[in-house]
Structure formats: C-alpha cells, structure tokens
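To start, the structure under review is shown below, and the notes come after it.
If you read the sequence from its start, that first residue is 1, and numbering goes on from there.
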Amino acid sequence: QVQLVESGGGLVQTGGSLRLSCAASGRTFSSYTMGWFRQAPGKEREFVSAISRSGGSTNYADSVKGRFTISRDNAKNTVYLQMNSLKPEDTAVYYCATSYSPSRSRAVRDYNNWGQGTQVTVSS
C-alpha cells in the first residue's frame with residue numbers, strides 16, 4: 001500500500017499562489033492515477049483535479065479551471081498542484097489520493113489511498 005504525504009499548504013492573501021506537493025512511497029507510483037481533493041469546514045470532500053498515470057491527461061473542477069495546474073514527476077514519486085489567483089473560497093484542507101482506475105474519476109469512492117492533508121487558507 002502506498003503512503004502519501006502532502007506539503008506546501010499555508011496562509012496566503014487573495015490573488016496569491018501556492019504549490020502543493022504530494023510525495024508517495026513505494027515503487028508503483030506510476031501505476032496510479034493521482035487526484036487532488038479538498039474539504040472545507042462543514043462541507044463534503046470535493047474533487048479538484050486528476051492526472052493520468054503518464055501525466056499526459058488531466059482534468060479539473062470548473063471552480064479551479066484556468067487557475068490550478070496539476071502535474072507529476074514519476075521519477076520523484078511526486079504529484080503537484082500549482083494554485084494561482086487564489087480566492088477565499090479555495091480555503092480548505094487539500095488531500096492527494098491514488099486510484100487504480102485510469103478514468104481520472106471525480107468521485108471520492110474511486111480513490112483508495114489518501115494522505116493526511118495540508119491546510120490552505122486564503123485571506124480576503
């Protein structure tokens with residue numbers, strides 16, 4: 001089972017940027033679709049972005065499209081989320097997760113391993 005550790009969260013002003021990283025243990029990282037999700041207080045966990053095993057295909061939630069970019073480095077067992085033009089509504093705990101499915105699903109239930117999360121707070 002792969003272990004995931006997120007980092008890069010913090011406090012930023014509206015319009016600022018952050019880059020999240022998710023480091024995975026094990027030698028099978030490239031066999032997983034990777035996803036980023038977020039969860040704000042009192043809300044359900046929601047899809048943010050996903051990337052295919054090779055990194056050649058991505059998809060995004062409408063709320064972040066054009067502002068966030070997902071990427072991965074299979075040699076470093078790491079997936080990234082570059083977040084630009086941040087808004088207060090982006091405030092949440094951000095989680096990375098693995099999926100065996102190649103479909104880049106937006107559903108929480110399709111992801112099997114989760115990190116502990118990293119807090120992102122955007123002040124207005």
Side-chain angles (χ1 to χ4, degrees):
Q1 183 165 337
V2 66
Q3 291 187 325
L4 304 172
V5 179
E6 301 97 336
S7 61
L11 174 64
V12 64
Q13 291 185 335
T14 296
S17 298
L18 285 173
R19 188 194 196 202
L20 305 185
S21 299
C22 171
S25 64
R27 294 177 289 180
T28 59
F29 178 74
S30 60
S31 65
Y32 294 108
T33 294
M34 296 299 298
W36 283 99
F37 290 77
R38 65 187 182 186
Q39 188 166 17
K43 295 188 176 181
E44 293 187 351
R45 193 167 297 189
E46 66 174 4
F47 172 79
V48 174
S49 183
I51 189 166
S52 63
R53 297 164 183 169
S54 68
S57 299
T58 60
N59 58 332
Y60 298 92
D62 288 344
S63 59
V64 307
K65 198 173 296 183
R67 300 187 298 122
F68 291 11
T69 303
I70 190 172
S71 61
R72 67 189 295 164
D73 185 337
N74 286 342
K76 295 183 178 180
N77 283 10
T78 302
V79 62
Y80 305 97
L81 186 68
Q82 177 67 44
M83 306 187 296
N84 298 329
S85 302
L86 283 161
K87 304 175 182 180
E89 51 263 44
D90 295 318
T91 295
V93 178
Y94 283 70
Y95 300 89
C96 65
T98 64
S99 174
Y100 291 115
S101 170
S103 67
R104 301 191 315 279
S105 171
R106 296 168 180 255
V108 171
R109 65 178 180 273
D110 290 332
Y111 290 78
N112 51 311
N113 292 307
W114 293 82
Q116 83 290 346
T118 185
Q119 176 71 48
V120 171
T121 303
V122 185
S123 64
S124 57

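When atom types are taken as modelled, the side chain of Ser99 and the backbone of Thr33 share no donor-acceptor pair closer than 3.5 angstrom. Remark: side-chain polar atoms of Thr98 are not paired, donor with acceptor, to backbone N or O of Met34 under 3.5 angstrom.
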Asn77/Val2 under side chain to side chain contact (heavy atoms under 4.5 Å, CB included): CA gap, chis, key distance, verdict:
CA-CA 10 Å; Asn77 283 10; Val2 66; over 6 Å; no
When you look at Tyr94 and Cys22, which way does the side chain to side chain contact (heavy atoms under 4.5 Å, CB included) test go after all the steps?
CA-CA 10 Å; Tyr94 283 70; Cys22 171; over 6 Å; no
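Under a hydrophobic-cluster definition in which Ile, Leu, Val, Met, Phe, Trp and Tyr are linked whenever side-chain heavy atoms come within less than 4.5 Å, directly or via other members, Val64 and Tyr80 are assigned to different clusters. Cluster membership check: Val122 shares its hydrophobic cluster with Leu20, using side-chain heavy-atom separations under 4.5 Å among Ile, Leu, Val, Met, Phe, Trp and Tyr. When the side chains of ILVMFWY residues are joined at heavy-atom separations under 4.5 Å, either directly or via intervening members, Val120 and Leu4 end up in a single hydrophobic cluster.
Taking CD of Gln119 as the start and OG1 of Thr91 as the end, the distance is 7.5 Å to the nearest 0.5 Å. Taking OG from Ser124 and CD from Gln13, the interatomic distance works out to 9.5 Å, rounded to the nearest 0.5 Å. From Met83, atom CE reaches atom OG1 of Thr69 across 11.0 Å, with rounding to the nearest 0.5 Å. Atom-to-atom distance recorded for Asn74:CG and Thr28:OG1 is 10.5 Å, nearest 0.5 angstrom. One distance of note links CZ of Arg19 with CG of Leu81; it measures 10.0 Å at 0.5 Å rounding. Here Phe68 contributes atom CZ and Ser85 contributes atom OG; the two are 9.0 Å apart, rounded to the nearest 0.5 Å.
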With a cut-off of 3.5 Å and sequence neighbours excluded, list every side-chain donor-acceptor pair involving residues 49-61.
residue	atom	partner	partner atom	Å
Ser49	OG	Asn59	O	2.9
Ser52	OG	Gly55	N	3.4
Ser52	OG	Gly56	N	3.2
Ser52	OG	Ser57	N	3.0
Ser52	OG	Ser57	O	3.4
Arg53	NE	Ser31	O	3.2
Arg53	NH2	Tyr100	O	2.7
Ser54	OG	Gly56	N	3.2
Asn59	ND2	Arg104	O	3.2
Tyr60	OH	Ile70	N	2.9

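Membership of the apolar cluster around Val93 extends to Phe37, Phe47, Tyr95, Val108, Tyr111, Trp114, as traced through chained side-chain contacts below 4.5 Å between ILVMFWY residues.
Considering only residues two or more places apart in sequence or on other chains, Ala23 meets the side chain to side chain contact (heavy atoms under 4.5 Å, CB included) condition with Thr78. Annotation: side chain to side chain contact (heavy atoms under 4.5 Å, CB included) contacts of Gln116 (sequence neighbours excluded): Val5, Glu6. In this view, Lys65 and Asp62 satisfy the salt bridge (charged side-chain N to carboxylate O under 4.0 Å, His left out) rule, not counting sequence neighbours. Residues passing the salt bridge (charged side-chain N to carboxylate O under 4.0 Å, His left out) test with Asp90 are Arg38, Arg67, sequence neighbours excluded.
The 12-atom threshold is not exceeded at CD of Gln3, counting heavy atoms of other residues, nucleotides or ligands nearer than 6.0 Å.
Of all heavy-atom pairs between Ser71 and Val79, the closest is O-CG2, 3.1 Å.
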